[in-house]
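Encoded as structure tokens, the structure appears first; notes follow it.
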Amino acid sequence: MQRASRLKRELSLLSAEPPPGISCWQAANRLDELRAQLVGAAGTPYEKGIFDLEILVPERYPFEPPKIRFLTPIYHPNIDSAGRICLDVLKLPPKGAWTPSLNISTLLTSIQLLMAEPNPDDPLMASISSEYKYKKELFLLNAREWTAKYASQQKRALGEKLEPSDPSGPEGAAAQKRKGSALSPKEKSPRLEP
């Protein structure tokens, strides 16, 4: 019951006063499933990209953090090929920093900040982290290409169904080295939805 009333309050606040570049809504009248969109910040390789996220709210929320993952493929050292995000506020202590005083708006803002300022010292994607640290220009080029390919507004307007596992894409051989690239089709399929 606490989850329902808190989520209604949070969603109401998110729709009335959304943080810049962030929108969030209930998915298909299910209280435990939300969708969000983040707009890539100016001056980052994700600029003008629109990134879809899935938010699964556990029964014990707010005492347990929601599970958030990217549905739109993104080239980032802290986000893996299944869309999982390495961010301390998404985990319970002692390894994480989640507290019941945090909310979905705060989490989405933290993820947007992580997009702008990756943490290469705590990566999910070791090869992308190494590229970020030692070949930053190559990282920026790859991240911009992925944003153009998977998150551009033009692609969305055309309604194209994008295939993140396309070997001819900008990810090239890097996709083969990504952690989680051996996921089952069931785990990958939600990311293919527009």
Side-chain angles (χ1 to χ4, degrees), residues 1-126 128-129 132-133 143 147 151 179-180 183 187 190-191 193:
M1 201 62 182
Q2 184 173 5
R3 172 178 79 160
S5 61
R6 174 150 168 180
L7 275 176
K8 282 181 185 168
R9 217 171 36 246
E10 285 189 37
L11 286 172
S12 171
L13 187 63
L14 268 166
S15 65
E17 299 175 35
I22 295 174
S23 57
C24 184
W25 63 94
Q26 205 170 334
N29 292 328
R30 289 187 54 189
L31 191 59
D32 63 341
E33 191 175 332
L34 307 175
R35 290 285 186 264
Q37 281 188 337
L38 302 181
V39 176
T44 72
Y46 312 108
E47 185 171 1
K48 296 182 183 172
I50 299 173
F51 297 87
D52 294 321
L53 287 86
E54 172 187 70
I55 304 167
L56 300 176
V57 184
E59 189 67 42
R60 292 187 23 85
Y61 182 79
F63 301 105
E64 230 177 86
K67 301 210 180 318
I68 304 178
R69 71 185 186 100
F70 276 80
L71 297 175
T72 305
I74 182 170
Y75 194 83
H76 194 285
N78 305 108
I79 302 161
D80 72 10
S81 58
R84 294 175 295 219
I85 306 162
C86 182
L87 187 62
D88 62 348
V89 292
L90 295 175
K91 299 178 209 150
L92 284 168
K95 291 185 177 184
W98 170 259
T99 65
S101 63
L102 295 172
N103 59 38
I104 290 168
S105 179
T106 307
L107 293 178
L108 292 172
T109 302
S110 297
I111 293 167
Q112 195 178 44
L113 243 142
L114 181 68
M115 288 171 66
E117 293 291 328
N119 179 3
D121 298 323
D122 189 20
L124 274 180
M125 305 301 297
I128 296 174
S129 172
Y132 180 82
K133 283 173 151 175
T147 299
K179 284 184 191 172
L183 295 172
E187 291 174 298
R191 293 193 61 198
E193 296 171 2

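Here the closest non-hydrogen pair linking Leu38 and Leu108 is CD2-O, 4.1 Å. Across every non-hydrogen atom of Gly40 and Met115, the tightest pair is CA-CE, 4.3 Å. Between Pro66 and Leu90, the shortest heavy-atom distance links the atoms O-CD2, 4.3 Å. Residues Leu114 and Cys86 approach most closely at CD2-O, 3.9 Å, considering heavy atoms. Between Pro62 and Trp98 the shortest heavy-atom distance is O-NE1, 3.0 Å. When all heavy atoms are compared, the tightest approach of Ser105 to Glu10 is N-OE1, 4.5 Å.
We find the CZ-NZ distance between Arg84 and Lys67 to be 12.0 Å, quoted to the nearest 0.5 Å. One distance of note links OH of Tyr132 with CG of Asp121; it measures 10.0 Å at 0.5 Å rounding. Remark: Ile68 CD1 to Ile79 CD1 distance equals 11.0 Å, nearest 0.5 Å. Here Leu13 contributes atom CG and Ile104 contributes atom CD1; the two are 11.5 Å apart, rounded to the nearest 0.5 Å. A distance of 9.0 Å separates OG1 of Thr44 from CD of Gln112, quoted to the nearest 0.5 Å. Atom NZ of Lys95 and atom CG of Leu92 lie 12.0 Å apart (nearest 0.5 Å).
Annotation for Lys133: atom NZ counts as buried by contact number, over 12 foreign heavy atoms lying within 6.0 Å. More than 12 heavy atoms of other shown residues, nucleotides or ligands fall within 6.0 angstrom of atom NZ in Lys91.
Between Phe70 and Phe51, the two ring planes are perpendicular [angle over 60°; tilted spans 30° to 60°].
Using a 4.5 Å heavy-atom threshold, the side chains of Asn78 and Leu124 count as separate. For the pair Leu87/Ser110, a side-chain contact is recorded, criterion being any heavy-atom separation below 4.5 Å from C-beta on. Ile85 places none of its side-chain heavy atoms less than 4.5 Å from the side chain of His76. Between Leu71 and Arg35, some side-chain heavy-atom pair lies under the 4.5 Å cut-off. For the pair Val89 and Pro65, the minimum side-chain heavy-atom distance is 4.5 Å or more. No side-chain heavy atom of Asn119 sits under 4.5 Å from any side-chain heavy atom of Pro77. You'll find the side chain of Asp122 stays beyond 4.5 Å of the side chain of Ser129, heavy atoms only. Side-chain contact between Leu7 and Leu34: present, with at least one pair of heavy atoms (C-beta onward) separated by less than 4.5 Å.
Tyr46 places a side-chain N or O within donor-acceptor distance of the main-chain N or O of Tyr75, the cut-off being under 3.5 Å. For Arg69 (side chain) and Ala82 (main-chain N/O), a donor-acceptor pair under 3.5 Å exists by modelled atom type.
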What do the steps show when you test Thr147 against Glu47 for side-chain contact (heavy atoms from CB on, under 4.5 Å), and what is the final call? CA-CA 8 Å; Thr147 299; Glu47 185 171 1; over 6 Å; no
Run the side-chain contact (heavy atoms from CB on, under 4.5 Å) test on Leu107 and Ile55 for me, step by step, so that the C-alpha distance in whole Å, both residues' side-chain angles and the decisive distance to 0.1 Å come before the verdict. CA-CA 10 Å; Leu107 293 178; Ile55 304 167; over 6 Å; no
Dump the intermediate steps for side-chain contact (heavy atoms from CB on, under 4.5 Å) on Trp25 and Gln37, then the final yes or no. CA-CA 9 Å; Trp25 63 94; Gln37 281 188 337; 3.7 Å; yes
For Leu31 and Gln26, run side-chain contact (heavy atoms from CB on, under 4.5 Å): C-alpha distance rounded to whole Å, both residues' side-chain angles, the deciding distance at 0.1 Å, then the answer. CA-CA 7 Å; Leu31 191 59; Gln26 205 170 334; 4.3 Å; yes
